[in-house]
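Computed from heavy atoms alone, side chains included, the values below leave out hydrogens, waters and symmetry copies. Each chain gets a letter, A, B and so on, in the order its sequence line appears, and its residues count up from 1.
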Protein chains: 2
Amino acid sequence: MTTVLIADDQPMQRFGFRMLLESQDDMTVVGEAANGTEAVRQVAAHHPDVVLMDIRMPGLDGIEATRRIIAAGARTRVLIITTFDLDEYAYDGLRAGASGFLVKDAQPEELLAGVRAVAAGDAVVAPSLTRRLLDTYIHHLPPTPRAAPAPEDPRLTSLTDREREILTVIGQGWTNTEIAERLHLAESTVKTHVGRVLAKTGTRDRIQAVILAYDTGLVKPA
Amino acid sequence: MTTVLIADDQPMQRFGFRMLLESQDDMTVVGEAANGTEAVRQVAAHHPDVVLMDIRMPGLDGIEATRRIIAAGARTRVLIITTFDLDEYAYDGLRAGASGFLVKDAQPEELLAGVRAVAAGDAVVAPSLTRRLLDTYIHHLPPTPRAAPAPEDPRLTSLTDREREILTVIGQGWTNTEIAERLHLAESTVKTHVGRVLAKTGTRDRIQAVILAYDTGLVKPA
DNA sequence: GGCGGTGTCGTACCGGGGTACCACGCACGG
DNA sequence: CCGTGCGTGGTACCCCGGTACGACACCGCC
């Protein structure tokens, strides 16, 4: 039987978690806390297997509570649950010793799987954060023998010279009107070119085209 | 509709994956490959959204195939699936550019959720590996950007934390609607934030903001 | 207590961006 | 000589982005 403590400042949120967890016959909720201080106290009292920990709570927040729980050396695993998948405290939560990080809009099954995973000593991270985690850290690791200077990005090969020129100025932030003026074209012509560039590169709008221009090196940061 | 390519040297394994994926009405299998070379070729031919990539295959293995697919610059995401959750090649796979790493004994639902996550641009890592990943790396990593030891660009100093967050996602090409959804805000709120970011940074539209995000290093090229 | 900063949400308006569809001239190669 | 790709141009339409107003709640600080 996996024992769980719920730490969240919203009563309805706690209720929802409790209902979900209690519906499983291998889990039981041994306590609730509405702030970090209370969470730390409850962990010391009940030694749950897992704490569902919200980040934003009045007083002591979830991060600091996690840090104290881990520092206390308990066997308790902390699974951070937050509404904000871009919360920059996510890293801090994991560094504080949390075993996982999930967002509240996850499917109930995902949450349950997450609880079971951390209870078993594994760790879980929401896909949206995993992506950033990998992007941020993986590449700092030992040399990736990435060969080949790559002469031209394949996403650009289908473009004609004119279209590549258009993409370049799009990447420099020019509006259609500016492109028309500076390249001595009609605005309708510019629109035609831009439309074809977007179609060929598979980008949905000029914003994505700007990003593509930077990512492919067609335009370089100042 | 998410298009998937299956790369595995075991025919029965491919069959199982195909049955599972085809049972979903938002997925379709566009090809199969029994080795790395074939996988690279099939990706070039079909440009699938996702490749289910086994590591151990005769000839070109899954890691090297992943490296080549990513190096080719395709939009295709690679999701590595292996029997061995302790396979030390896992890191190499992620470093090679894979968007995820799952083990074959995962529940079918987990696999499907993983495919959908990577198709959406997110990333997934099996809980058993996530634990090792965090243990290995998180604790000795550079501080979060929020700590910002790096001298901040003066054009960004006037921004609040929230506004800087908004600028970051603008730089990643998100539309106002997407920002609202993923950050759980009303679109009107997003517009307010965006408007203030543009005013404070002196940029005329989000295009210029994207460029600023790249130029200041707030967003880095892929 | 009051006051400013921040974050949130709303309505209304307008212009530019993007698409769809079509058209014409030119250069090139089968 | 005619098809095809490319560059150029036009019209009509719709939607998103950006602005201009508001409004309210929370919080820290004077």
Side-chain angles (χ1 to χ4, degrees), chain A residues 9-10 34-36 54-61 82-89 104-105 156-213, chain B residues 146 156-213:
Chain A
D9 62 332
Q10 299 178 5
N35 58 65
D54 187 27
I55 289 188
R56 301 203 180 185
M57 290 189 290
L60 195 69
D61 68 23
T82 183
T83 310
F84 313 96
D85 70 338
L86 277 181
D87 200 311
E88 28 186 86
Y89 292 105
K104 285 183 181 173
D105 62 0
L156 306 182
T157 50
S158 64
L159 299 180
T160 65
D161 289 345
R162 193 55 153 170
E163 287 161 357
R164 188 174 289 100
E165 185 180 6
I166 297 291
L167 177 55
T168 304
V169 296
I170 289 177
Q172 286 164 353
W174 297 15
T175 64
N176 287 340
T177 308
E178 289 171 344
I179 298 175
E181 286 174 357
R182 306 193 201 179
L183 265 53
H184 305 101
L185 294 174
E187 185 161 345
S188 60
T189 303
V190 176
K191 285 193 171 189
T192 303
H193 283 312
V194 172
R196 275 203 274 264
V197 168
L198 298 185
K200 286 188 178 181
T201 57
T203 48
R204 70 178 169 204
D205 54 32
R206 69 196 299 117
I207 313 270
Q208 301 295 331
V210 170
I211 294 174
L212 178 67
Chain B
R146 181 171 47 78
L156 305 182
T157 50
S158 64
L159 299 181
T160 66
D161 289 345
R162 194 53 154 170
E163 287 161 357
R164 188 173 291 102
E165 184 180 8
I166 296 292
L167 177 54
T168 303
V169 297
I170 289 177
Q172 287 164 353
W174 297 17
T175 64
N176 287 340
T177 308
E178 289 172 341
I179 298 175
E181 286 174 357
R182 305 197 201 177
L183 264 55
H184 308 102
L185 295 174
E187 186 161 345
S188 62
T189 303
V190 176
K191 285 191 172 188
T192 303
H193 283 312
V194 172
R196 275 202 275 265
V197 168
L198 297 185
K200 286 188 177 180
T201 58
T203 47
R204 70 179 168 201
D205 54 32
R206 70 196 299 116
I207 313 269
Q208 301 295 330
V210 170
I211 294 175
L212 178 68

How long is the line joining [atom1] of [X] and [atom2] of [N], in whole Å?
X         : N       : atom1 : atom2 : answer
Ile179(A) : dG17(C) : CD1   : P     : 9 Å
Asn176(B) : dG16(C) : CG    : P     : 18 Å
Glu163(B) : dG5(C)  : CD    : P     : 12 Å
Leu159(B) : dG5(C)  : CG    : C1'   : 14 Å
Asp161(B) : dG5(C)  : CG    : C1'   : 13 Å
Arg164(B) : dT6(C)  : CZ    : C1'   : 14 Å

Passing candidate, side chain to side chain contact (heavy atoms under 4.5 Å, CB included) with Trp174(B), options Ile166(B), Val169(B), Thr168(B), Val190(B):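 Among the candidates, only Val169(B) passes.
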Working for side chain to side chain contact (heavy atoms under 4.5 Å, CB included), residues Leu212(A) and Leu156(A): CA-CA 9 Å; Leu212(A) 178 67; Leu156(A) 306 182; 4.1 Å; yes
Sugar-phosphate only, base, or nothing, as touched by Thr189(B) at under 4.0 Å among non-hydrogen atoms: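 Base, at least one base atom sits under 4.0 Å.
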Sugar-phosphate, base or nothing in reach of Thr192(A), heavy atoms under 4.0 Å: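 Result for Thr192(A) = base.
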Short side-chain N/O contact to dG18(C) OP1/OP2 from Arg204(A), under 4.0 Å: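 Arg204(A) to dG18(C) OP1/OP2: no side-chain N or O under 4.0 Å.
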Along DNA chain D (nearest heavy atom to each residue), the more 5'-positioned of Ser188(A) and Asp205(B): Ser188(A)
Over all atoms of both residues, closest heavy-atom pair of Glu178(A) and Gly173(A):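 Shortest heavy-atom separation between Glu178(A) and Gly173(A) comes out as OE1-O, 4.1 Å.
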Minimum heavy-atom distance Arg206(A)-Val194(A), with the two atoms named: NH1-CG1, 4.1 Å
Which residue lies more 5' along DNA chain C, comparing Arg196(B) with Ile207(B) via nearest heavy atoms: Arg196(B)
Side chain to side chain contact (heavy atoms under 4.5 Å, CB included) partners of Ala209(A), counting only residues at least two apart: Leu167(A), Ile170(A), Leu198(A), Thr203(A)
Positional range of nucleotides in DNA chain D within the contact set of chain B, heavy-atom, under 4.0 Å: dG17(D) to dT19(D)
Nearest-0.5 Å distance, OG1 of residue Thr201(A) to CD of residue Gln208(A): 9.5 Å
Between CD1 on residue Ile211(A) and CD on residue Gln172(B), distance to nearest 0.5 Å: 8.0 Å
